[in-house]
Amino acid sequence: MRSRMILIVSLILMIGFWSGLVSGEDAYMYYTWTVTYGTAAPLGVPQQVILINDQFPGPNLDCVTNDNIILTLINKLDQDFLLTWNGIKQRKNSWQDGVLGTNCPIPPNSTYTYKFQTKDQIGSYTYFPSTLMHRAAGGFGALNIYARSVIPVPYPTPDGDFTLLIGDWYTSTHKELQMTLDSGMPLPYPEGILINGQNASTLSGDPGKTYMFRVSNVGLATSINWRIQGHQMKVVEVEGSHVIQNTYDSIDVHVGQSVTALVTLDQPPMDYHIVASTIFTESPLLTATATLHYSNSQGIVADMPPGGGGGGDVEWSVEQARSFRWNLTANAARPNPQGSFHYGEINTTRTLFVANSALLVEGKQRYAVNGVSYVNPDTPLKLADYLNISGVFSLDGAWRGELDTAVVGTALHDFVEIVFQNHEDAIQTWHLDGYDFWVVGFGEGNWTESSREGYNLVDAFTRHTVQVYPRYWSAVLVSLDNQGMWNLRSSMWGRQYLGQQLYIRVYDPVHSLSNEYDMPTDVLLCGRALP
């Protein structure tokens, strides 16, 4: 009897020990965010903005690899609302992606709790509203995932951490911009550029120390070049990939993209300009500045001239983009080196050709993918698929005309080549939810099968948003190992709103919790999914 009791106690202690390890590895982070309207004047003109917990931009969501995020969102707006987590893979969990193809929007005066894990990810990301044109009013913020202490990163621990949310800005309200789009007109040219929701701000540091700058383009339509007067920027991570650590005088960041750089305060003790300016635009140059303040500053340096880098020169920007390469010996979120996965040796199962276009439908401006402009159905695609509700969407091969709810059908574990073809004179950016992908090539003109001869099949890095230069193509490879319904969209939000998006259904007919989680018990229902 005594030996049996000892065995039982030992088992209880062992279970408790292992449970402690599990809970220690995968911490739970709890948040409550309230979304409201407020007033701000980022360009000197008072206007309505969207606040999260009374903050514009919203609060930083800082976490560690594999943290479980439990975030209750309270919608106090007068419209339906959703947040999406730009670049978070939502492993087996497209239920929490926060776009209209996966989630019913949160009605006014209602609450929804997001539950997701930052599984096997590190790096600089963002969140923003995916509904209507709310993104034009705020509601966006930084989502920074720090590496676990047991996984070394390929650089010394920085002395501090700065987040820069940069983007174009309009003085019109989000409802006015939506009315413009609904009337059949494209978005106008923005009135300004903001850095962290302001036209002027200050970041302070100590001389001789090295700081991490997490820079994201949270704008609606405009590529940005950013730089720090007199300082070199060493890029160490791009959207979850550790890259070869090259230094740059300035860096192009396109809509929806993020980049992380280390900057050492090694100049004379002064105040220096942090400058963000528009590129790839025909209209007047827009610029925003912040100040990098040395703690022992003795004054302000001379004004920095406008423009930077290639100033929107395509060849300059392409060469910089090609200089970002995977660090094949560095760990990412896992201890195995990034280069241990030899993506270039895998045979592709299909090629998905994605061509953006601007078209008129009944005299109104629309934007399309392969000639089809996406229409949001009354029922989220994910709900319709899971609950076997027919007639909500069409798989490729059955798309009907210029307006349709377009979905590409793929199988779990397909290895897909996606070619983005841009026949227009404006730069484009494309984002895929649920994944990152290897950016293997850029090229001028039309893509052909011979273009594959120039692919980088050795050390291309992975990211979630790729730019496609004017009259260029961009090619990526993606391993479809994350089952679900995933949004492939233009990051130019006016174009996305007017139809330049589709969904990729990654599917396995055999139901298994090892592939995908069941529908959450607290999922919001709408449309044809209502009882």
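This structure is a prediction, so every number in the text was calculated from the model and none was measured.
A salt bridge does not link Arg471 with Glu424: every distance from a Lys NZ or Arg NE/NH1/NH2 to an Asp or Glu carboxylate oxygen is 4.0 Å or more. Looking at Lys382 and Glu516, a side-chain N of the basic residue comes within less than 4.0 Å of a carboxylate O on the acidic one, giving a salt bridge. Salt bridge Asp120/Arg334: present, at least one basic N to carboxylate O contact under 4.0 Å. Under a 4.0 Å N-O distance rule, the pair Asp433/Arg489 qualifies as a salt bridge. A salt bridge is absent between Lys89 and Asp481: the closest approach of a Lys/Arg side-chain nitrogen to an acidic carboxylate oxygen does not fall below 4.0 angstrom. The existence of a salt bridge linking Asp385 and Arg505 is confirmed by a sub-4.0 Å separation between a basic side-chain nitrogen and an acidic carboxylate oxygen.
With 3.5 Å as the limit, one finds no donor-acceptor pair spanning the side chains of Glu315 and Tyr469. Checked by atom type, the side-chain pair Asp252/His254 shows no donor-acceptor distance below 3.5 Å. In summary, the side chains of Thr102 and Ser94 do not present any donor paired with an acceptor at a separation below 3.5 Å, with no hydrogens or angles considered. Checking Gln96 against Tyr517 by side-chain atom types alone, no donor-acceptor pair falls below 3.5 Å. With no hydrogens or angles considered, a side-chain donor-acceptor pair links Asn327 and Thr329 at under 3.5 Å. For the 3.5 Å distance criterion, the side chains of Thr118 and Tyr125 fail to qualify, holding no donor opposite an acceptor.
Proximity of Arg322 to Phe442: side-chain heavy atoms (C-beta onward) are separated by under 4.5 Å at one or more points. Side-chain contact between Val235 and Asn246: absent, with no pair of heavy atoms (C-beta onward) separated by less than 4.5 Å. Inter-residue side-chain proximity for Leu457 and His342 is flagged as unmet; no heavy-atom pair is nearer than 4.5 Å. Counting heavy atoms from C-beta outward, Leu432 and His464 have side chains that stay 4.5 Å or more apart.
Close placement of the His134 and Phe81 rings is indicated, their centers lying within 6.0 Å of each other. Proximity of the aromatic rings of Trp447 and Phe420 is defined here by a centroid distance below 6.0 angstrom, and this criterion is not met. Aromatic ring centres of Tyr170 and Tyr189: separated by at least 6.0 Å. Tyr114 and Trp85 have their aromatic ring centers within a separation under 6.0 angstrom. Between Tyr374 and Tyr503, the ring center distance clears the sub-6.0 Å criterion.
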Check against side chain to side chain contact (heavy atoms under 4.5 Å, CB included), Thr163 and Asn60: CA-CA 9 Å; Thr163 293; Asn60 280 11; 3.7 Å; yes
Derivation and outcome, side chain to side chain contact (heavy atoms under 4.5 Å, CB included), residues Arg214 and Ser258: CA-CA 7 Å; Arg214 301 175 179 272; Ser258 299; over 6 Å; no
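In this view, Asn199 satisfies the side chain to side chain donor-acceptor pair (under 3.5 Å) rule with no residue, not counting sequence neighbours. In this structure Tyr367 satisfies the ring pair (Phe, Tyr, Trp, His ring centres under 6.0 Å) test with no other residue, sequence neighbours excluded.
The number of heavy atoms from other shown groups lying within 6.0 Å of NZ (Lys175) is above 12.
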